[in-house]
Amino acid sequence: MCQSGGMLELAILGFLADGPLYGDELRRRTERLSSRFRPVGEGSLRPVIDRLVEAGLLDRRIEPGAATARQHTLSLTGTGHAELLRRLRAPDDLDISDSARYFTILAFLSRLPDPGDRHAVLRRRLEFLEQPRHSFHDADADADADADADADADGADDPYRRGTLAVARAADHAERSWLREVTAEGTGAAQAPVRTRGPGVLARLAALTGGAPAAHRGGALWRLDESGRQLDANVIRLAPRAQVAPHVEPGLDVLVYVAQGAGLLECGGERHELAPGAVAWLPHGARRAVSAGPDGLAYLTVHRRRPGLTIRNAPPVSPVAEEGGEAACLLDRVCPDCGRLATERGDRYCGRCGTPLPSP
């Protein structure tokens, strides 16, 4: 069976689950659904309908009237309804990875009566999207910064290709954000607390990290941004095996509290195991790196608020040494998915996995 035929079958079954439809109305609805990906004409739809009728999944009746005014009415049989639920409940791998096929499934996913079945499909899509090589940007996840820069440079002189990359990455990021929110709600996972202004309790680490091993994604869970503050504080989560590359913070001491997971801290030439409850001091000027263990790592960082940027002349230095800073200080340059530290202040996307970087 061709890919488009399989999705047309699913669309037909899904629309008829609402109730019987005239053939023309079914065609219009199917065309609207598929127009974003693969336009469908009447010539493509009719043989699919015939096949479904022959298989006993649809019932077709001709309404009485004049020959030129007769309408074919299509309805879903009990067997057809069972087939619809089967396809929605257990899509194959191509249905998950191919966007046209997946969004057809998503359009009718609410037909599944069990929320657990619906969220199982969404989690499969999220797992696919979070694979480093799925995206439009295909830099090797294990390559170093130079290789990442070379991969980005492929389209540096072509604004249209860079625009295509930017649109694809933005759509990918938006879909993953939505999937994370929906699947978290479906499992009863704790959501980020409501932010408060002024002194008092601003967040609770147990709620932020979910009280379970760190999820298989990284990013900023919370940050202190109250006006008039003298401190900066952030809760960061690294995905399993993710790393913050070695770097130097020239001007700020940083205090780190491990809330969840495990990992390794390298600071000042020494290696330290990180576990829940550990408190670490990272003195300014010390070279440091952080790597997460197999369950990920979530930690709180606190340091003096960084002064505003000023324009000044400075001798050329390496990007990491110039910018420096613990991951929390450079939140706008830490990839929320793989934890990679961007090497340039102006980077808008992660050079490793293509995820948009947070706004400064």
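Values in this document were obtained by computation on a predicted structure and should not be read as measured data.
- Without hydrogens or angle criteria, Arg124 side chain to Pro91 main chain gives a donor-acceptor distance under 3.5 Å.
- Residue Leu282 holds its CG atom at 12.0 Å from CD of Glu266, rounded to the nearest 0.5 Å.
- In terms of the ring-ring contact (aromatic ring centres under 6.0 Å, His included) criterion, residue partners of Phe108 (sequence neighbours excluded) are, by chain and number, Phe15.
- Residues Arg123 and His119 form a side-chain contact, since some pair of their non-hydrogen atoms from C-beta on lies under 4.5 Å apart.
- Hydrophobic clustering, with ILVMFWY side chains joined whenever heavy atoms are under 4.5 angstrom apart, keeps Val167 apart from Tyr160.
- Between the side chain of His303 and the main chain of Thr301, no donor-acceptor pair closer than 3.5 Å is present.
- Side chains of Leu8 and Ile49 form no contact here, defined as non-hydrogen atoms less than 4.5 Å apart.
- Rounded to the nearest 0.5 Å, atoms CG (Leu274) and OG (Ser291) are 8.0 Å apart.
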| request: Would you check, one step at a time, whether the test side-chain contact (heavy atoms from CB on, under 4.5 Å) holds for Asp50 with Arg60? | output: CA-CA 9 Å; Asp50 290 341; Arg60 178 166 50 194; 2.8 Å; yes

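- When all heavy atoms of Leu231 and Leu224 are compared, the closest pair comes out as O-CD2, 3.6 Å.
- Judged purely by atom type and a 3.5 angstrom limit, Asp114 uses its side chain to pair as donor or acceptor with the backbone of Gly116.
- You'll find the side chain of Leu76 reaches within 4.5 Å of the side chain of Leu58, heavy atoms only.
- Hydrophobic clustering of Ile, Leu, Val, Met, Phe, Trp and Tyr side chains at less than 4.5 Å, counting indirect connections, unites Leu109 with Phe128.
- Looking only at distances, no side-chain donor or acceptor of Arg89 sits under 3.5 Å from a matching main-chain atom of Leu112.
- Residues Leu122 and Tyr102 share a closest heavy-atom pair of CD2-OH, 3.5 Å.
- Residues Leu264 and Leu238 fall into different hydrophobic clusters, defined by Ile, Leu, Val, Met, Phe, Trp and Tyr side chains chained together at heavy-atom separations under 4.5 Å.
- In this structure a side-chain-to-backbone donor-acceptor pair under 3.5 Å is present from Arg288 to Pro283.
- Here the CG-CG distance, from Leu106 to Leu88, works out to 10.0 Å after rounding to the nearest 0.5 Å.
- Taking CG of Asp92 as the reference point, atom CZ of Arg101 lies at 5.5 Å (rounded to 0.5 Å).
- Residues Asp24 and Arg27 have side chains in contact (heavy-atom distance under 4.5 Å, counting atoms from C-beta outward).
- Residue Trp178 is grouped with residue Ile105 when hydrophobic side chains (ILVMFWY) are merged at heavy-atom distances under 4.5 angstrom, including chains of intermediate members.
- Atom CZ of Arg271 has 12 or fewer neighbouring heavy atoms from other residues, nucleotides or ligands inside a 6.0 Å radius.
- Atom CG of Leu13 is separated from atom NE2 of His81 by 10.0 Å, given to the nearest 0.5 angstrom.
- Here the closest heavy-atom approach between residue Pro20 and residue Thr73 is recorded as CB-CG2, 3.9 Å.
- Using a 4.5 Å heavy-atom threshold, the side chains of Arg125 and Glu175 count as touching.
- Between Ala289 and Ala245 the shortest heavy-atom distance is CB-C, 4.2 Å.
- The shortest distance between side-chain heavy atoms of Arg304 and Asp253 does not fall below 4.5 Å.
- Side-chain heavy atoms closer than 4.5 Å link hydrophobic residues (I, L, V, M, F, W, Y) into clusters, and following such links, even through other members, never connects Ile62 to Tyr22.
- Under the side-chain contact (heavy atoms from CB on, under 4.5 Å) test applied with Ile12, the options Leu74, Leu84, Leu45 reduce to a single match, Leu45.
- Annotation: side chain of Asp95 is in contact with side chain of Met7 (closest heavy-atom distance under 4.5 Å).
- The two residues Thr30 and Leu26 have their closest heavy-atom pair at OG1-O, 2.8 Å.
- With a 4.5 Å cut-off on side-chain heavy atoms, Val121 and Ile96 count as touching.
- The nearest pair of heavy atoms linking Gly251 to Glu249 is N-OE2, 2.8 Å.
- Residue Leu21 holds its CG atom at 4.5 Å from CZ of Arg29, rounded to the nearest 0.5 Å.
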